[in-house]
Amino acid sequence: MRSYKAKMVEPITLPPRERREEVLSEAGYNVFNIAAEDVYIDLLTDSGTGTMSDAQWAALFRGDESYAGSRSFGRLREAVEDVMGFPRVIPTHQGRGAENVLYGCLVEEGDVVPNNAHFDTTRAHIANQGGDPVDCPAEGAGDPTDGSPFKGNFSVERARAVADEVGAERIPAVVLTITNNSTAGQPVSVENVRKTAAFAEEVDATFVIDACRFAENAYFVKRREDGYADRSVAEIAREQLSYADALVMSGKKEALVNIGGFVALRDEALFEWAKQRAILYEGFPTYGGMSGRDIEAMAVGLREAVEPPYVEDRVEQVAELGRLLEERDVPIYRPVGGHAAYLDAGRLFSHIPGGEFPGQSLVCELYREGGVRGVELGSFAFPGADRLELVRLAIPRRTYGREHLEHVAETAAAVRDRAEEVSGLEIVSEPSTAELRHFSAELAPV
Ligand code: F0G
């Protein structure tokens, strides 16, 4: 049941079909090139696209814009300590700013960094420091029909094999991304957090949690992990983070704001070092690239994220989209994860070969059919990687309602009905950096 109501609205319209055809072709069949006003339901990302609460809007007015030692920073520090249990905080402009600050301290040329699965900016920041980011996903993560409850888990066995091969001394950090965005938003169990922490200790590495979606993860633990049903999401959130040495956080996800992030640390020496990097790349360490008012909204949002009505509603809404799709026989990745439903374009368009981007074809058809914008996370976004052909439909927080989700499911069902007629795509122009090609490449129907 929805635990909020709207008190500010933004008009949206579904452009007529001829206009959508025109938009697709003008955009080079790449939805990153489509103007937002031409989109009806925008499920491109859950990052910075959510709706703030009235308490967050009110907090904006309290913003203390002092360069050093603002009251707003004090309130963020208290919120991070209360909600996440970390005493030392450095604000950053967003998640990747936090990654730059922290991984610049930890990672050197020739290092290897295991993660349950690296998000693309994490991978890029580790590589930028000369490190080698290695994914260690759990067994079954690559199978869209495996119903295991914690498919986001870190495989300690795989990581240990990496350590044996390269030498533990080359592993400065072990990272756990909760929930696991690159594995269909799947959650990580607290048991797995403990095991990962023990592995990090074994190889004498800093244990980092990418906490972007920490509250959703805690909610899954409450629902699925033995022994946690009677614990509150807030308690579980603190427990799962208590095993980490450091956090990187994108406030654009579960601090419920449109911009912002932070690094949180326990170790005093690492904190002092990270502050120096923050001054260089972000700003003085009590504002770090954020305005005081945005810091205020982030402090309030972080507390709201672990409140039962918010987080239950959030995860259940994503599950609801999954159900609406399955009721219409649209193939999806199962079980449905935290922030998005993922369509299995490989199964839907089994007649389109991988080289002709079935996922990107589905993204275009969803737009053509119903003005819905999702994002491809298959062979177009990850060239050369052996991946499922998935399309992510990420739900912005507290923004859309049931009718919107029904429209999305109806749209996907209409595409399914004419799946055989859909052809693949080929790239007609692309930028020089292959890892970033999906943001700007242009395509055409084969
Ligand atoms: N880590 C994870 C797991 C993320 O999902 C993201 C962003 C970041 C780090 C970087 O944070 O965008 O604030 O700099 N994910 C967004 C997405 C962009 O669409 O999944 P940021």
Side-chain angles (χ1 to χ4, degrees), residues 31-32 36 39 42-50 90-104 113 115-128 133 135 137 141 152-154 173 175-188 208-217 240-241 244 246-264 278 281-282 288-290 294-295 297-298 301-302 305 318 333 337-342 363 373-378 381-382 390-397 399 435-436 438-439:
V31 292
F32 282 100
V39 176
D42 203 347
L43 307 184
L44 188 64
T45 180
D46 64 321
S47 182
T49 51
I90 305 170
T92 58
H93 76 283
Q94 61 183 82
R96 64 201 71 183
E99 292 176 334
N100 183 33
V101 167
L102 183 66
Y103 297 129
V113 178
N115 193 328
N116 46 351
H118 289 82
F119 179 68
D120 48 17
T121 58
T122 319
R123 177 177 297 283
H125 274 295
I126 286 166
N128 193 39
D135 288 349
N153 280 355
F154 179 88
V175 187
L176 194 58
T177 308
I178 66 170
T179 55
N180 187 335
N181 190 7
S182 302
T183 304
Q186 297 295 302
V188 173
V208 182
I209 291 185
D210 179 332
C212 284
R213 300 178 178 88
F214 75 105
E216 289 166 13
N217 199 80
Q240 68 190 357
L241 302 179
L247 307 180
V248 281
M249 179 72 186
S250 167
K252 301 173 74 171
K253 283 80 170 178
E254 296 216 282
L256 311 182
V257 286
N258 304 117
I259 193 71
F262 55 84
V263 180
Y281 293 106
E282 296 288 319
M290 294 183 74
D294 284 331
I295 291 178
M298 189 158 79
L302 200 59
V318 176
Y333 184 105
H339 61 295
Y342 289 68
V363 167
R373 176 155 70 173
V375 70
E376 196 262 12
L377 294 173
F382 300 98
L390 299 181
V391 169
R392 185 181 78 172
L393 302 178
I395 305 189
R397 297 174 176 79
T399 300
E435 309 84 64
L436 304 176
H438 58 295
F439 293 115

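Heads up: numbering here begins at 1 and tracks the sequence. Just so you know, these numbers use all the heavy atoms, side chains as well, and skip hydrogens, waters and symmetry mates. When a ligand or atom number is given, it counts from 1 through the structure's own listing order.
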Between [X] and [Y], is there a donor-acceptor pair closer than 3.5 Å when you use the side chain of the first and the backbone of the second?
X      : Y      : result
Asp135 : His118 : yes
Asp210 : Leu176 : no
Thr49  : Thr45  : yes

Discussion item. Any non-hydrogen side-chain atom of Tyr281 less than 4.5 Å from a side-chain atom of Thr92?
Written reply: no
Practice prompt. Report yes if the side chains of His339 and Lys253 come closer than 4.5 Å at any heavy-atom pair, otherwise no.
Written response: no
Discussion item. Before you tell me yes or no, could you show the steps for His93 and Glu282 under side-chain hydrogen bond (donor to acceptor under 3.5 Å, both in side chains), namely the whole-Å CA-CA distance, both residues' side-chain angles and the distance that decides it to 0.1 Å?
Written reply: CA-CA 7 Å; His93 76 283; Glu282 296 288 319; 2.9 Å; yes
Worksheet entry | Contact residues of ligand 1 (heavy atom under 4.0 Å), by chain and number | Thr45, Ser47, Gln94, Gly95, Arg96, Glu99, Phe119, Thr121, Thr177, Asn181, Asp210, Cys212, Arg213, Ser250, Lys252, Lys253, Arg392
